[in-house]
Structures are given as structure tokens and as C-alpha cells.
Amino acid sequence: MSAPTSSTVAGSSGPTGPGRRDLPGSAYLAAARGERPGHLPVWFMRQAGRSLPEYRRVRQGTGMLESCLTPDLACEITLQPVRRYGVDAAVLFSDIVVPLKVAGVGVEIVAGTGPVIESPVRSAADVAALPRLDPEAVAPVADAVRLLVGELGDTPLIGFAGAPFTLASYLVEGGPSRNHERTKALMHAEPDTWHALLDRLADLALTFLRAQIDAGVDAVQLFDSWAGALSERDYRALVMPHSAKVLAGLADAGVPRTHFGVGTGELLTAMGEAGADVVGVDWRVPLDEATRRVGPDRALQGNLDPAVLFAGPDVVEREVRRIVDEGRAAPGHVVNLGHGVLPETDPDALARVVDLVHALPVG
């Protein structure tokens, strides 16, 4: 695959200020708007990451959060899968805890564990003490976006943030959790404290996403990685209003908004109501059924099981063809995995998926 060529930023000033690119030929943006582009678009969550040897080389000796906050390094890592695969969208190399870090929360990403919070948030006083995110603190991320806008040519750039519930889970638990027991205890025992926490985190996500949009990203994705741990009743009452606040707060930005969670099959109807333009679907629910649950006015993203990429070319081709067939039930379909690329994935398997998806008919 050839590298993207640099191009001058074009287009008139949008509601978020100058710098919005005009990308009328983007298959990804067309599908996200519920249209049928000339070819099916495909990109992969975690496409810029540990499965790529060039990623491991360029990041050697540099911590994860430091890499995310070094603009030229984040730019290079973001570009790597676009060069290698020819995917239809780049996704900003970052992490969902970056806004917590730059806001002043004590958080580090520990190898083999994940994000670890220095002082967990478990009381109303803890919530009140949380620092607010100053847009100026997002400057390294915005600088990376500006570099990418100048390098990506006609390839759109997706920015992202963690959704309030997932960020709250890390803050309350102190790190990754299998059962989210402290989180669920707080949300049920102290609902006022819980809603105050998620309201603060919705503001943080909005500030982080707005900074990316102002710098030039062409779309955004809100990751609610742990929402699948919730019942639909709890999601609607205790989480959905705060995710909806984030998505509604970006409605005037003029960019597609995707909402994604893992294990959220029972939440798809509610997630469709939360206000995103595109709903990401993991591999557990077929896309034609997901369309029924989400509704006919939302595009879908997904949903190849990342583990299937280890099964060999014939199996991968069969599963990709099935997913594309099921995705035709949606008004627009962005082909993706049902979660992120696994670290041991063969990059050639991803390249074959891209080539196959681009060769398949849209309608």
C-alpha cells in the first residue's frame, strides 16, 4: 500500500472554526452518514498498535502515555496502518485515560495491567476534588491532529475519547476490574455522587473531543469499553444520560459520531437512542439483528471477531463475506472488528481483509 500524500487543507470554516477538510470522496464518511459509497469502507480499532513491527520499533523505550503526548510520535504511529493497509480512516493514536492524565489525575499505564489510578474516587469529596480539564492541557493531542491533517491526504482522521462510565470504572476501581464491584456499589448506594462523577467525566470527554475537532479530526468515536457489564435498566438510568450529553454536545460540530462498547448486545437499542450517528457492534450480535435493535436510521460499524483473524485465510474470507452480507441491512456500514486488533495478529491477515472488503459489492 502506498503512503498517503500531503494535501492542503480545504473547505470552508465550519461551526468549530477553520481547518475542516473537505473530503467528498471518503467512503468512510459517506457510510457514517448512512449513504452507500463506491466501495465499502474498512478500518480497525487498535490498527495502530502492538501487532505492527514498525510500531514496536518506533515506540521502543517510550512509555504509552508519553507516546500519546509526543505529537510527532503520535502522528507517525497513526500513519503506520494507513501506509501499510490502505484503510479508509486513520484513528488518532491515543488512550482513553489521556484526558485524565493531562487534567492532573494521577494515572499511569502499567505494562501487563493497564491504567492504574493513584488515588481512587469513591466519595462525594473525591468527586468534588477531581480536576477539570483545561483545553490548553490538550495541546499535545491537538498538535498531533494538526500534523496528521497535513499528512493524511484524502484519508479521514477519527478522534476519540472514553465514555463517562468506562472512565468512572477506572477511577472508582483504581484500575481494570473483572466485576466492577466498587463501581456498581457506588452507582446504586450513592446515586447522587455517581451522577456528579459522570457529569464531571462527560464534561471532560466533551472538552477532549472538542479540542480534537477544533484541531481538524473528521469524525469521533466514544468508547464505552465496559458498558457491557450493565443491565439495560441500569444503563438507561445511570449511564445513558451522560453519554447522551457528550454526543449531544458535539451535534453542531458537523462530524460523524460513533458510539461503541463491548458486550453491549442487550444495550444496542438504548445506545442507538443515545444520539450517535454510528453504533459500533461487537461480534456477538449479527449486524442484521443489530440493525433491528438500533433502528433503521443509524449506520453500523463492525463486527469481525478479532480472534477469527488467527483461523486462516479461508475462514477469514468466509466470515468477512458473511458480515458484509449482514451489514447490508443497515443504511450505512463501516467494516471493522468487533473489538481491537489483538497484539499477536498477523498484519498480513489484516491486509487481506482490507483488499477483500474493497473488492466486495456495496449493495
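The model shown is predicted, which means the values in this text are computed figures rather than measured ones. Position 1 is the first residue of the sequence, and the numbers go up from there.
- Looking only at distances, a side-chain donor or acceptor of Arg298 sits under 3.5 Å from a matching main-chain atom of Ala276.
- In this structure, Glu344 does not pair ionically with Arg50, as no charged nitrogen and carboxylate oxygen lie closer than 4.0 Å.
- Residues forming a side-chain contact (heavy atoms from CB on, under 4.5 Å) with Val315 (at least two apart in sequence, or on another chain): Val308, Ala311, Arg318, Glu319.
- Side-chain atoms of Thr345 never come within 3.5 Å of backbone atoms of Ser51 as a donor-acceptor pair (strictly under, hydrogens ignored).
- Evaluation of the side-chain contact (heavy atoms from CB on, under 4.5 Å) rule for Thr207 yields Leu133, Pro135 as partners, not counting sequence neighbours.
- Minimum interatomic distance between Glu118 and Pro120 (heavy atoms only, all atoms of both residues): O-CD, 3.7 Å.
- Contact check for Ile109 versus Glu66: no side-chain heavy atoms found under the 4.5 Å cut-off.
- A distance-only check finds a donor-acceptor pair linking the side chain of Asp126 to the backbone of Arg122 [under 3.5 Å].
- Ion pair Asp325/Arg322 not flagged as a salt bridge, since none of the NZ, NE, NH1 or NH2 atoms sits closer than 4.0 Å to an Asp/Glu carboxylate oxygen.
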Please list, one pair per line, the donor and acceptor atoms closer than 3.5 Å that link side chains of residues 278-288 to other protein atoms, with sequence neighbours excluded.
from: Asp282; atom 1: OD1; to: Arg284; atom 2: N; distance (Å): 3.0
from: Asp282; atom 1: OD2; to: Gly263; atom 2: N; distance (Å): 2.6
from: Asp282; atom 1: OD2; to: Arg284; atom 2: NH1; distance (Å): 2.5

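- Between Asp95 and Lys101 there is no salt bridge, since no side-chain nitrogen of the basic residue lies less than 4.0 Å from a carboxylate oxygen of the acidic one.
- With hydrogens and angles left out, the side-chain atoms of Gln221 and Gln301 include a donor and acceptor closer than 3.5 Å.
- Glu76 places a side-chain heavy atom less than 4.5 Å from the side chain of Gln80.
- The distance between the ring centers of Tyr55 and Phe93 falls below 6.0 angstrom.
- Salt bridge annotation for Arg83-Glu54: absent, with no cationic side-chain nitrogen under 4.0 angstrom from a carboxylate oxygen.
- Contact check on Asp154 versus Arg21 returns no salt bridge, with no Lys/Arg side-chain nitrogen under 4.0 Å from an Asp/Glu carboxylate oxygen.
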